[in-house]
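As structure tokens, the structure follows; a few thoughts come after it.
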Protein chains: 2
Amino acid sequence: MYFSDVISRINMTKKPLILVTNDDGINAPGIRTLISVMNTLGDVVVVAPDSPQSGMGHAITLNSTLYAEQVFVNDGPQKEYSCSGTPADCVKLAIREILDRKPDLCVSGINHGSNSSINVIYSGTMSAAVEAGIEGIPAIGFSLLDYTWNANFEASKSFVKTIAKKVLKEGLPDGIVLNVNVPNILKENIKGIKISRQAKANWVEEFDKRKNPQGKDYYWLSGKFVNLDGGEDTDEWALENNYVSVVPIQFDLTAHHFIKELNTWNLND
Amino acid sequence: MYFSDVISRINMTKKPLILVTNDDGINAPGIRTLISVMNTLGDVVVVAPDSPQSGMGHAITLNSTLYAEQVFVNDGPQKEYSCSGTPADCVKLAIREILDRKPDLCVSGINHGSNSSINVIYSGTMSAAVEAGIEGIPAIGFSLLDYTWNANFEASKSFVKTIAKKVLKEGLPDGIVLNVNVPNILKENIKGIKISRQAKANWVEEFDKRKNPQGKDYYWLSGKFVNLDGGEDTDEWALENNYVSVVPIQFDLTAHHFIKELNTWNLND
């Protein structure tokens, strides 16, 4: 097997290939920070939305066309592609059309705003990581608890690097991706990294009802986040207590513990 | 507690309140079938998207306005509202703005097309059910394995009624909703209902690359579904073997079984 030996020796000496994406759009300060950290760990290819996609959940583009074009940003050695689709589209397109081999790692973010607890469900950032996970690529979503464009990502850098480096070394089990959230405080006040579970929480929406100039009612969706979980092992607890939270999440959504009970319902009688 | 006694007596005599939504749009034959079945079980309020929202995942509308207006469809006693948002938006708006009390059940569908296995991740139908589940409302998503507009929902009716009736009676545990898929075969060939787990499967995308009239490349997303799971306890197995599949799904995405292992990574060293 001379030829494949040569190939594998080439791969051994190659730096890891890292796919970077996000949901705030390719120009967001959060992804620029993430790219700069990843450039210290491997060969970076960026495939990210051309515009903000927050709150897109795991949307994919089925009913319209997708554009992707290489863009040139003079801030590092990475290759970059701007895509008209959702974060999940970006990952699919990267894997099937843009990259010439399977990446060793996919990182998404750094999101401007929290993706802790129930926010993971609505998160475009996390949907990109999950999409990579489905493809068997170790994947991490990173978020900072500051939704402003001018958010300060300085404190995030070393934590992002530590976690990404570890995942590159250890890999992740099939079916699991990491959801990392960083509190919005100075680096010297962050106590460390805490492995956590997703807190039970929800949003109590307050629809802001208005009238348009034609007199028709319309709404703005807004709401208040409510943590319903008193546990000290949750991501919300970690963040409130100045830790970076790391939650392993899975995309087998089966509630395995309820299957036995459901079978007692005798739905076929 | 005289007053609350009266209230609870009124509620006891009241029919259950059922919220109906979908992701194919309020005019889709699938939701019209679902409404007709629910009218036999309770008081029905429909809040559904004004246009198809397939593949929207758990998207919510953060950056634009939402419209919702009552529409009058002369096919039953239900009240109906057409909404400009996503399926998750519809449920939020229904709960906070349209309904005067918490519904006893939320049903979503009947989707034109499968939401079995990994499709649950991309599904607008299921995102509506999950959204209701987060609010503590027993919720079910129904799908038929026929994506065409002219799909035949006849065989689905009795299974939809059986399962919805049972959930109205038994409720569902906190944090769990049901994902029901119906095979696209004649009713007499359906062997029954099978409680299942989500099969491990994915989509192998084939991007159809074309040039637009201006010479710019664009893509259509399409792909082939691949079931990677040999188990006979999965939803894919049930459907292939002519059963209706019922998968209990959860929105605590924590991979609890990996937390111990992650703690051995010593990320703080």
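Below, chains carry the letters A, B, ... as their sequence lines are ordered, and counting in each starts from 1.
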With chain A, which of B:Asn268, B:Leu93, B:Leu253 has the greatest number of heavy-atom pairs at distances under 4.5 Å?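 Ranked by heavy-atom pairs under 4.5 Å with chain A, first place is B:Leu253.
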Sort out for me which of B:Asp252, B:Val130, B:Ile163 touches chain A most, counting heavy-atom pairs under 4.5 Å.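 That would be B:Asp252.
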Under a 4.0 Å threshold between the charged nitrogen and the carboxylate oxygen, would B:Lys194 count as salt-bridged to B:Asp233? no
Relative to chain A, which segment of [X] carries a heavy atom at a distance below 4.5 Å: side chain, backbone, both, or neither?
X	answer
B:Leu172	side chain
B:Leu262	both
B:Asp174	side chain
B:Lys200	side chain
B:Trp220	side chain
B:Asp217	backbone
B:Ser84	neither
B:Glu69	side chain
B:Val204	both
B:Glu205	both
B:Glu131	side chain

Among [options], single out the residue with the greatest number of heavy-atom pairs under 4.5 Å to chain B.
options	value
A:Lys166, A:Glu261, A:Lys191	A:Lys166
A:Asn202, A:Ile121, A:Ile134, A:Asn212	A:Ile121
A:Val120, A:Ile259, A:Ile118, A:Val247	A:Ile259
A:Leu221, A:Val177, A:Asn179	A:Leu221
A:Lys169, A:Arg210, A:Gln250, A:Lys165	A:Gln250

Return yes if a side-chain donor-acceptor contact under 3.5 Å exists between [X] and [Y], otherwise no.
X	Y	answer
A:Glu236	A:Ser117	yes
A:Ser143	A:Asn115	yes
A:Thr125	A:Asp23	yes
A:Asn227	A:Trp237	no

How many angstroms lie between CG in A:Asn181 and CG in A:Asn119, if you round to the nearest 0.5 Å?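 A:Asn181 CG to A:Asn119 CG: 8.0 Å, rounded to 0.5 Å.
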Rounded distance (nearest 0.5 Å) linking atom CG of B:Leu19 with atom CD1 of B:Ile95: 7.0 Å
Please determine whether the number of non-hydrogen atoms from other residues, nucleotides or ligands lying under 6.0 Å from atom OH of A:Tyr147 exceeds 12. no
Other residues, nucleotides and ligands only: do more than 12 of their heavy atoms fall within 6.0 Å of CG on B:Asn266? yes
Can any side-chain N or O of B:Thr254 pair as donor or acceptor with the backbone N or O of B:His256 at less than 3.5 Å? no
Check: A:Ser245 side chain, A:Leu239 main-chain N or O, donor-acceptor pair, under 3.5 Å: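 Pair absent, no side-chain N/O of A:Ser245 close to backbone of A:Leu239.
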Is A:Ile176 close to chain B through its backbone or its side chain, or both, or neither, when contacts mean heavy atoms under 4.5 Å?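 Just its side chain gets close to chain B.
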Contact part of A:Glu97 toward chain B, heavy-atom cut-off under 4.5 Å: side chain, backbone, both or neither?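 Side chain of A:Glu97 only, per the 4.5 Å heavy-atom cut-off to chain B.
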Does the Lys NZ or Arg CZ of B:Lys216 fall within the cation-pi geometry relative to A:Tyr67 - under 6.0 Å from the ring centre and within 45° of the axis?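 Yes, B:Lys216 sits over the ring of A:Tyr67.
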